[in-house]
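Encoded as structure tokens, the structure appears first; notes follow it.
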2 protein chains.
Amino acid sequence: MAADKENSAHRSGCPINLTLEVLGDKWSLIIVRDMMFGNRRHFRELLSQNEEGIASNILADRLRRLMAEGVISKEDDPSHKQKAIYSLTEKGIELLPVFAMIGAWGRKWLPASEALSVRARLLEEGGPALWDEFMEELRVEHLGAPPHAGRPGPGVRARLQAAFEAVAGGEENAPAT
Amino acid sequence: MAADKENSAHRSGCPINLTLEVLGDKWSLIIVRDMMFGNRRHFRELLSQNEEGIASNILADRLRRLMAEGVISKEDDPSHKQKAIYSLTEKGIELLPVFAMIGAWGRKWLPASEALSVRARLLEEGGPALWDEFMEELRVEHLGAPPHAGRPGPGVRARLQAAFEAVAGGEENAPAT
DNA sequence: CAGTTCTGATTGCATCTTGCAACTGGTTGT
DNA sequence: ACAACCAGTTGCAAGATGCAATCAGAACTG
């Protein structure tokens, strides 16, 4: 049923337009963000731990669309017959630079909260080198790629999370790890 | 001017979420794209020369929202008592890196047409240096900033347009200058 | 100076999308 | 057996979108 992906008559062949046709709504990128930076992989995690309060039918619909577009994938959780694990594909992982730029713009021009801006700031300051390191990490976690040798210490997400908690600790309840 | 920007009860203070609340729909970025890369400054130009066929009521609504958010501004055209000129603000101009990243992703992962991908490719290859040059150019055109001395030859948009026409010339009718 | 065209929009209406709350069928833990 | 948990689905109201027609004022055209 997901075989018909190309026949849906795009508005135009412009790369920006095509991207907007896939991701141009208020929820799709929020879900990818939670998977990427919050490491949420199950339906319930994406539903209940979502900062913005997504509805379950919207979540189900967007997960379906993102799968059809090949941005994420879904497998059975071997430990729980009923649990599904959602993963980013390479196509999804490579949205990281887009997030970095969007985060930088939002941090500069919109009333972003101090705590939630820390990740964006670090990602911006780290530049392409940090993005590459994070993307490598995501490939290990989501695609099962072999881990890079000679890269000890906490991963990029752990570092971003630690920085967030250092700022958020005193002002609000920190979300579960 | 837009004094009531903070009171609209955001879903969350996350920079990515806030950006999506402003630009997360299928048309807003299309309009900014046409203003930025197509140099369209009038309602009619944005309406009739739009590749994707935006409806006039949607265009009017989005122009209103983008103005309320401070991404664009509107002035009277002195030559025509009825014409309005829309301009990018600094906030709007600084969306360029976001476009560059979105364009790069769309070009790589979606079925973008050859001709319409050329601009995205050049923007990607040019990197931050080219983006800065283009943003300076936009500041001159849209904000009335003094032009940089010692930068002769065609501007960035003209170069992107020339590259587009070189590819599109043989396969389709080129849009009017 | 009448008629046509051009300007930036607005209106009505049908259809698609979104949001909320309740609910389902099955699984797991006690 | 029973409650809690899992990934969703369903029904319905409200809002957003798309299309075509229309509008009023300003500007060219003869």
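Computed from a predicted model, the values in this text were never measured in an experiment. Chain naming here is simple, since letters A, B, ... match the order of the sequence lines and numbering starts at 1 in each.
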Under 3.5 Å, which donor-acceptor pairs do the side chains of residues 141-148 of chain B form with other protein atoms, sequence neighbours left out?
{"from": "B/Glu141", "atom 1": "OE1", "to": "B/Arg157", "atom 2": "NH2", "distance (Å)": "2.3"}
{"from": "B/Glu141", "atom 1": "OE2", "to": "B/Arg157", "atom 2": "NH2", "distance (Å)": "2.7"}
{"from": "B/His142", "atom 1": "ND1", "to": "B/Leu88", "atom 2": "N", "distance (Å)": "2.8"}

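- Checked for salt-bridge contact, A/Glu124 and A/Lys108 miss the test: no charged N lies under 4.0 Å from a carboxylate O.
- Heavy-atom nearest nucleotides on DNA chain D were determined for A/Ala60 and for B/His80, and the one closer to the 5' end corresponds to A/Ala60.
- The distance between atom CD1 of A/Ile54 and atom P of D/dG8, rounded to the nearest whole Å, is 13 Å.
- Of the listed nucleotides (D/dG25, D/dT10, D/dG18), D/dG18 has the atom at the smallest distance from the side chain of B/Asn57.
- Between the CD atom of A/Glu45 and the C1' atom of D/dC6 there is a distance of 12 Å, rounded to whole Å.
- To the nearest angstrom, C1' of D/dC6 lies 13 Å from CG of A/Asp76.
- In the set D/dC6, D/dT10, D/dG8, D/dG8 carries the atom at the smallest distance from any side-chain atom of A/Tyr86.
- The side chain of B/Arg62 places an N or O atom within less than 4.0 Å of a non-bridging phosphate oxygen (OP1 or OP2) of D/dT17.
- Salt-bridge annotation for B/Glu125 and B/Arg121: present, with a side-chain N of the basic residue lying under 4.0 Å from a carboxylate O of the acidic one.
- If you take CG of A/Asp61 and C1' of D/dG11, they are 16 Å apart, rounded to a whole angstrom.
- We find that CG of A/Leu63 is positioned 16 Å from P of D/dC6, with the value rounded to whole Å.
- Judged by closest nucleotide on DNA chain C, A/Trp27 is the one of A/Ser56 and A/Trp27 placed further toward the 5' end.
- For the residue pair B/Glu75 and B/Ser87, the shortest heavy atom distance occurs at OE2-OG, 3.3 Å.
- In this structure, the ring pair (Phe, Tyr, Trp, His ring centres under 6.0 Å) partners of A/Phe134, at least two apart in sequence or on a different chain, are A/Phe37.
- Comparing D/dT9, D/dA7, D/dA27 against the side chain of B/Lys81 picks out D/dA27 as the nearest.
- Going from atom NZ of A/Lys26 over to atom P of D/dT17 covers 8 Å, rounded to whole Å.
- A sub-4.0 Å separation between OP1 or OP2 of D/dA7 and a side-chain N or O of A/His42 is present.
- We find that B/Glu52 and B/Arg33 are joined by a salt bridge, their nearest charged nitrogen and carboxylate oxygen being less than 4.0 Å apart.
- Side-chain polar atoms of A/Gln161 and A/Arg119 form a donor-acceptor pair below 3.5 angstrom.
- Nucleotides of DNA chain C that come within less than 4.0 Å of any heavy atom of chain A span, from the 5' end to the 3' end, C/dT18 to C/dT28.
- Between A/Asp25 and A/Arg44, the residue anchored nearer the 5' end of DNA chain C, judged by the nucleotide with its closest heavy atom, is A/Asp25.
- When rounded to the nearest whole Å, the span between CG of A/Leu46 and C1' of D/dG8 equals 13 Å.
- Distance, B/Lys83 NZ to D/dA24 C1': 18 Å, rounded to whole Å.
- Residue contacts for B/Arg65: at a heavy-atom cut-off of 4.0 Å it reaches the sugar-phosphate backbone alone, with no base atom in range.
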